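Remember, predicted model here, so these are calculated numbers, not experimental data. The sequence lines fix the lettering, A, B, ..., with proteins before strands; numbering per chain opens at 1.
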Amino acid sequence: MLRVRFAPSPTGYLHIGSARTFVFNWLFARHNGGTMILRLDDTDVERNSQESVDSIFDGLKWLDLGWDEYYQQSDRGELHRRMANEIFAKGLAYRDFTPSVATDEEKAHTGGPWLFNADMRNLSPEESDRRAAVGEPFVLRFRVPRATRDWVKFDDLVYGEQSKSTADIEDFALLRSSGVPTYHMASCADDADLRISHIIRGQDHLTNTFKHVLIFEALGVEPPKFAHLPLLIAPDGSKLSKRKHGPVVSVTTYRDAGFLPHAFVNFVVLLGWSPKNDREVMTRQELVDAFTLEGVNRSNATINFSDEDPFDPKAVWLNAEHIRTMPVDELAKQLEPFVPKTDKLRQIAPLVHERIRLLRDAAGIGDFFFVDQLPPYDVNELIPQKGDLVLAKKALEGGREVLAQVEWNHDAIEAGLRAGAEKLKIKTGQMFQPIRVAVCGRKVAPPLFETLVVLGRETALDRIAKAIELI
RNA sequence: GGCGCUAUCGUCUAACGGUUAGGACGGAGCCCUCUCAAGGCUUAAAUACGGGUUCGAUUCCCGUUAGCGCUACCA
């Protein structure tokens with residue numbers, strides 16, 4: 001049975017990189033008919049927060065992919081400690097009574113790596129038990145078997161054969177002095193207990209994996225398969241961080257700007273994965289069908305944002321593509337939270353359908369639909385190509401006359417206005433443009449006839465009259 | 001510092017060792033057109049550097065450089 005998990009730690013909002021890891025896991029599970037598990041890795045009591053938990057759930061729910069099983073590590077401390085003690089009992093871990101090292105300066109070291117404190121590693125069992133019995137705090141460390149084996153190896157499904165010398169792996173902590181298991185311990189214990197078959201996670205864990213292999217072996221279980229994902233980085237090459245790059249790293253920023261969840265999924269899946277057939281705009285099902293780990297590449301992917309534009313242009317384009325292929329009824333529904341309340345949304349939706357890239361764009365492009373009074377605009381805007389205010393006035397008066405009596409539908413309005421232009425001996429564009437500005441308040445707007453239909457005769461005539469007064 | 005990973009257009013990426021190095025976004029131009037958008041067509045733009053191996057390297061190996069990751073009780 002194929003089982004994968006996404007295991008965020010609730011120490012911040014849901015990060016775009018985390019969201020992508022979730023997506024890769026989900027796609028892998030669905031493609032192979034496996035089980036998707038969500039597990040909250042909340043062993044760091046110092047940094048956990050409820051807001052963070054909420055934010056992660058918010059983000060994941062917005063992604064709308066779902067999961068099959070849910071666990072949180074704080075409920076499973078017993079299991080972790082039991083497994084840690086099992087390792088200790090086998091003699092594969094030892095107590096380290098060294099006081100915790102607080103500062104980076106103290107941690108700093110030159111030359112080779114820090115591996116262990118010899119006097120702690122070699123403490124006699126009696127001495128160790130005695131000090132523990134009197135309550136002296138200690139960290140439980142894994143005893144890396146450097147004397148009996150040279151290499152730790154595993155075969156990464158993305159990065160291939162990996163090996164590291166035991167001489168380069170330090171005696172890492174399993175249990176903190178507080179008794180709380182570390183990430184390494186809790187994660188492996190849960191992965192073993194939950195019978196996770198594939199661990200798909202960020203490449204930042206690639207070197208940690210050697211430690212994990214050691215833990216699985218100490219536990220006497222077959223390690224899962226590993227697949228590490230290339231990281232998402234900022235345009236300056238640094239890793240994405242809230243402090244440095246701001247809200248662009250949070251998925252809620254995408255949600256609030258009016259990305260469609262699936263467009264977001266489509267975007268992030270293309271960062272580090274390719275279907276290898278030049279397809280880019282894909283439905284959820286197409287993604288599930290096409291997704292394989294073989295398509296994952298090994299180099300980090302840059303999210304191309306800037307100060308002027310917080311979103312990668314490709315993400316925006318993909319969003320526009322998905323908006324355009326979405327049914328109008330659905331669009332109207334999605335638009336609701338992004339525009340002022342109106343009973344004409346269903347009519348407005350088709351007019352912005354292929355003109356918006358983010359849902360929030362609709363409020364700007366369709367602004368004149370949402371107000372009773374048009375905000376002031378420069379009277380010169382009314383002047384058409386190769387014309388002047390006199391011509392503008394002529395067009396507006398002629399147009400108003402037509403619109404006052406024409407049957408109120410697209411074809412009749414078009415026919416009427418075209419005939420009107422001919423009668424006035426002006427170009428159709430010279431007729432349409434002043435009317436457009438009069439009813440929309442600006443030169444760039446959705447197609448005129450549809451717009452007039454939605455606006456209604458009364459509003460249209462009223463706005464044209466006001467424009468004529470301006471001149 | 002040590003260890004590990006990576007390196008194709010500005011960005012995301014494709015290319016059983018043999019291609020005019022392909023696609024997409026973004027840019028530029030043209031067409032269509034009631035403005036905008038969409039759409040169509042055209043175009044500029046890349047194999048980090050140096051050595052090998054090979055008849056032939058984007059592709060395999062080594063080195064350099066650069067970036068990223070991990071590095072004594074964050075995950």
List the steps and the verdict of side-chain hydrogen bond (donor to acceptor under 3.5 Å, both in side chains) for A:Tyr71 and A:Gln73.
-> CA-CA 7 Å; A:Tyr71 304 92; A:Gln73 289 192 323; over 6 Å; no
Given A:Val439 and A:Phe368, is the side-chain contact (heavy atoms from CB on, under 4.5 Å) satisfied, shown in steps?
-> CA-CA 8 Å; A:Val439 298; A:Phe368 55 87; over 6 Å; no
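Here A:Lys443 lies in heavy-atom contact (under 4.0 Å) with a base. Within 4.0 Å of A:Glu414, counting heavy atoms only, lies no atom of the nucleic acid at all. In this structure, A:Lys427 reaches neither bases nor backbone, as no heavy-atom distance under 4.0 Å exists between it and the strands shown. A:Phe449 comes within 4.0 angstrom of a nucleotide base, judged by non-hydrogen atoms across all strands. Contacts of A:His228 with the nucleic acid, taken as non-hydrogen atoms under 4.0 Å apart, are absent. A:Arg298 comes within 4.0 angstrom of sugar-phosphate atoms only, judged by non-hydrogen atoms across all strands, and of no base. Backbone-only engagement by A:Glu321 is indicated by non-hydrogen atom pairs under 4.0 Å involving sugar-phosphate atoms exclusively. Using a 4.0 Å heavy-atom cutoff across all strands shown, A:Arg442 reaches no nucleic acid atom at all. If you check every strand for non-hydrogen atoms under 4.0 Å, A:Leu448 touches a base. Among the heavy atoms of the strands lying under 4.0 Å from A:Glu280 is at least one base atom, whether or not backbone atoms are also near. Counting non-hydrogen atoms under 4.0 angstrom, A:Ala301 reaches the backbone sugars and phosphates but no base. No engagement by A:Pro8 is indicated, since no non-hydrogen atom pair under 4.0 Å with the nucleic acid exists. Heavy atoms of A:Gly202 sit nowhere under 4.0 angstrom from any nucleic acid atom. Among the heavy atoms of the strands lying under 4.0 Å from A:Pro447 is at least one base atom, whether or not backbone atoms are also near.
The side chain of A:Asp312 lies closest to B:U11 when the candidates are B:C12, B:A75, B:U11. The side chain of A:Ser299 lies closest to B:U6 when the candidates are B:U6, B:A14, B:G23. Ranking B:C68, B:G26, B:U11 by closeness to the A:Lys239 side chain, first place goes to B:C68. Between B:G10, B:C34, B:A75, one nucleotide has an atom nearer to the side chain of A:Glu450 than all others, and that is B:C34. Among the nucleotides B:A75, B:C70, B:U13, the one closest to the side chain of A:Thr207 is B:C70. With distances taken from any side-chain atom of A:Glu354 to the nucleotides B:A37, B:G69, B:C74, the minimum falls on B:A37. In this structure, of B:U71, B:C12, B:A75, it is B:U71 that holds the atom nearest to the side chain of A:Glu170.
Atom C1' of nucleotide B:G4 and atom CZ of A:Phe226 are separated by 15 Å, given to the nearest angstrom. To the nearest angstrom, P of B:G22 lies 11 Å from CG of A:Asp278. When rounded to the nearest whole Å, the span between CG of A:Leu206 and C1' of B:C68 equals 12 Å. Between the C1' atom of B:G4 and the CD1 atom of A:Ile169 lies a distance of 11 Å, rounded to the nearest Å.
The side chain of A:Arg355 places no N or O atom within less than 4.0 Å of a non-bridging phosphate oxygen (OP1 or OP2) of B:U35.
Ring geometry for A:Phe216 versus A:Phe226: interplanar angle of 30 to 60°, hence tilted. The aromatic rings of A:His245 and A:Phe305 sit perpendicular, their planes meeting at an angle over 60°, well past the 30° parallel limit.
Annotation: cation-pi geometry not satisfied between A:Arg131 and A:Phe138 (NZ/CZ under 6.0 angstrom from ring centroid, within 45° of ring axis).
Contact annotation: side chain of A:Lys314 to base of B:C12, donor-acceptor pair present below 3.5 Å. Side-chain N/O atoms of A:Asn208 and base N/O atoms of B:A75 include a donor-acceptor pair closer than 3.5 Å. Taking only distance into account, the side chain of A:Ser177 meets the base of B:C73 through a donor-acceptor pair shorter than 3.5 Å.
With respect to A:Glu170 and A:Arg141, no salt bridge is recorded, no charged nitrogen being found less than 4.0 Å from a carboxylate O.
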